[in-house]
Amino acid sequence: MPQKKPLPPTYRKRLLEELDTIERDYLAVLEASEIQYVNPNRSSDSVFIVTTANFSFAATGGGAEWGCAP
C-alpha cells in the first residue's frame, strides 16, 4: 500500500509563522534604529510648540540627521 503524503501546513500555521518572522524583523529594525522620545514642550518652557515631531533618530552615523534630540 502506498504511503500517504503528509498534509501541507494549514493556512493558519503558515500565517502565524510568517507573522512571527515579521515581528522578529521589525523588532531588530526597531532596536537598531535607536529612536528616542523627545518632548519639545517641557513644563519649564514658556513656549508651546504644536507642529513638531516628538521623536528623533540617534546620531549613530548612516541615519537621518534631522530631529530635535538634545
Side-chain angles (χ1 to χ4, degrees):
M1 182 174 261
Q3 290 184 343
K4 291 183 179 180
K5 286 184 177 181
L7 293 175
T10 64
Y11 173 76
R12 180 180 182 272
K13 183 172 176 66
R14 291 190 327 258
L15 179 62
L16 289 173
E17 288 172 357
E18 189 172 341
L19 288 173
D20 286 341
T21 301
I22 292 170
E23 180 185 25
R24 278 194 305 274
D25 292 346
Y26 174 78
L27 290 174
V29 168
L30 188 60
E31 288 176 13
S33 71
E34 296 186 29
I35 296 174
Q36 303 168 355
Y37 176 76
V38 176
N39 183 354
N41 298 311
R42 293 174 182 86
S43 60
S44 61
D45 292 343
S46 59
V47 176
F48 183 74
I49 301 172
V50 176
T51 57
T52 185
N54 62 353
F55 62 90
S56 66
F57 296 95
T60 57
E65 295 290 327
W66 58 272
C68 51

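Quick caveat, the model's predicted, so the values are computed rather than measured.
- Shown here are the side-chain contact (heavy atoms from CB on, under 4.5 Å) partners of Leu15, two or more places apart in sequence or in another chain: Tyr11, Leu19.
- For Glu23, the side-chain contact (heavy atoms from CB on, under 4.5 Å) partners at least two apart in sequence or on another chain are Asp20, Leu27.
- Taking Thr10 as the reference, nothing meets the side chain to side chain donor-acceptor pair (under 3.5 Å) condition, with sequence neighbours excluded.
- In terms of the salt bridge (charged side-chain N to carboxylate O under 4.0 Å, His left out) criterion, residue partners of Lys13 (sequence neighbours excluded) are, by chain and number, Glu17.
- Arg24 meets the side chain to side chain donor-acceptor pair (under 3.5 Å) test with Thr21; sequence neighbours excluded.
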